[in-house]
Amino acid sequence: METLTKSETEEIIHDNQEYTLFSWSKQKGTNPIAVKYGEGVYLYDYDGKRYIDFSSGLMNVNIGHGDQRITAAVVKQMQEVSYVTPSCVTKVRGDLGKKLAEICPGDLNKAFFTLCGASSIENAIKLARLYTGRHKILTRYQSYHGASIGAISASGDPRRIPVDVQQAPNFIHFDLPYAYRYEYGEENLLKDSISQLERMIAYEGPNNIAAILLEGQSGSSGCFLYPDGYLKTVREICNNHGILLIMDEVMSGFGRTGKWFGFQHHHMVPDMIAMAKGLTCGYLPFGCLMVSDQIASKYDDVVLPLGLTYSAHPVSCAAALETLKIYEDDHLIENAEAMGKYVDSKIEELKKKHPTIGDWRNKGLLGCLELVKNRKTKEPMAPFNAKPNEMAVMNKVAAKIKELGMYTFVRWSYIFIAPPLCVTKEQIDEGLEIISQAISIADETYAG
Ligand SMILES: Cc1ncc(COP(=O)(O)O)c(C=O)c1O
């Protein structure tokens, strides 16, 4: 494969930095990898350097990079028709709707196709309010639901804070502590979390609450695991008050946790599922809001006031249908479960070697290490919502990870481990060796 000279690579980076804006970044502080191509779990830059992708892009490229089966499906669709209005139908749209109904449990049989995670969430919020005639939406503080104004207002994550002066109204956040930092004994966490939520519902007035919105499995906030029984009890609370339950499976869906959807570990069925990311694995932007028959039937004889120019885009539908086939043909969901267990066992070994590993939270291949300065005090290596000057050690860890040829998501004191679901044991070993070397830098500052 042809590689560019250093100055050509620098020119690519220069033009990107000069003429485009970077998300969630100080524009002068970016240091991007110039990616030329991807193959499986690897990305390659223009100088031929290989990076193992341990966060599957933004936890979306579940099938791995460069899969030409998607290219073929997309080209075939484009040769027939690239765009029809959402009032027309295509074979691929019907096939995809039918396949999603087959995958989703219960009576979640109707797909409203969107463009991304945020647009799935926006439509979920809108539909929950329309359907119930209520206005409040309850979500968790440590959650992320997207960057559009409704979705960012729904998010509890501090990415909301810079824009919260203009936030959309009627989003109420509640706390759900996580086991590692819960001071009153893990055995009390479920009871405490549920009674806190019940009090909050009473204070807010259950008849004003349209929906509770929760991630199927916590993602970028820190991969927190729900206490056993939590989601099932929330489902019961929703039933008791006529509140809808929306699961955000944008990150946790499509095999990421070792099942089609994260909530399927918890023996309950929501009223709506917001999807994106793993639906097309980033080969094209796409999303879907899956809705129960009960909710959809309200709009049999009443206008459904939702719409997007690119809803059910035929080319994205073709990419999604082929992606779903790949999950099944390549047994990727089974592999995610097996490789997740392998990662768990390897992290147990790393914990013995690295005193700064405070916690490891994982389900399937959606996992995160939390580094601490001291295991007894649990003081984090970088605090929650760390300022740049509080990131000195973690920035060095992140820089080492990159230098050694890995791309992954490092946030505050967290290092995410979420490789594509096609990852092998050998590739996990290769990636964990890089992470281990990087953590050694943090170990030098250990204060235990
Ligand atoms: C759980 C969850 N919901 C929604 C979103 C928003 O998706 P998008 O960036 O495609 O709008 C994300 C993105 O990371 C996410 O992790």
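Remember, it's 1-based here, ligands and their atoms both numbered in the order they're listed. All heavy atoms count here, side chains included; hydrogens, waters and symmetry mates do not.
- Every atom of ligand 1 with a heavy atom of K277 under 4.0 Å away is listed here by number and element: 12 (C), 13 (C), 14 (O), 16 (O).
- Using a 4.0 Å cut-off between charged side-chain N and carboxylate O, D95 and R93 make no salt bridge.
- Scanning all protein heavy atoms for the shortest distance to atom 1 (C) of ligand 1 gives Y144 O, 3.2 Å.
- Residue D228 qualifies as open at atom CG: its count of foreign heavy atoms under 6.0 Å is 12 or below.
- In terms of protein heavy atoms, atom 3 (N) of ligand 1 is closest to D248 OD2, 2.7 Å.
- In terms of protein heavy-atom proximity, atom 6 (C) of ligand 1 is nearest to G146 CA, 3.5 Å.
- Of all atoms in ligand 1, listed by their number and element, those nearer than 4.0 Å to a heavy atom of V250 are 2 (C), 3 (N), 4 (C), 5 (C), 7 (O), 12 (C), 15 (C).
- Using a 4.0 Å threshold on non-hydrogen atoms, atom 9 (O) of ligand 1 does not count as touching the protein.
- Under a 4.0 angstrom heavy-atom cut-off, L58 registers as lying outside contact with ligand 1.
- Not a single heavy atom of M59 sits less than 4.0 Å from an atom of ligand 1.
- Using a cutoff of 4.0 Å between basic side-chain nitrogens and carboxylate oxygens, E249 and K277 are not scored as salt-bridged.
- Of the charged side-chain nitrogens involved, at least one lies within less than 4.0 Å of a carboxylate oxygen, so that K341 and E337 count as a salt-bridged pair.
- At a 4.0 Å heavy-atom cut-off, ligand 1 does not touch A276 at all.
- Ion pairing between a basic and an acidic side chain is recognised when a charged N comes within 4.0 Å of a carboxylate O; D157 and R140 show no such pairing.
- Atom 16 (O) of ligand 1 has its nearest heavy-atom neighbour, among M275, M251, E122, in M251.
- In H145, the part holding a heavy atom less than 4.0 Å from any atom of ligand 1 is the backbone.
- Of all atoms in ligand 1, numbered sequentially from 1 with element shown, those under 4.0 Å from a heavy atom of A118 are 6 (C), 7 (O), 8 (P), 11 (O).
- Between F174 and Y141, a ring centre-to-centre spacing not shorter than 6.0 Å is recorded.
- Note on K325 versus D330: no salt bridge recorded, every NZ/NE/NH1/NH2 to OD/OE distance being 4.0 Å or above.
- Taking a cutoff of 4.0 Å between a charged side-chain nitrogen and a carboxylate oxygen, D293 and K298 do not qualify as a salt bridge.
- Regarding atom 7 (O) of ligand 1, its nearest protein heavy-atom neighbour is G117 CA, 3.3 Å.
- K99 and E102 are joined by a salt bridge, as a carboxylate oxygen and a charged side-chain nitrogen come within less than 4.0 angstrom of each other.
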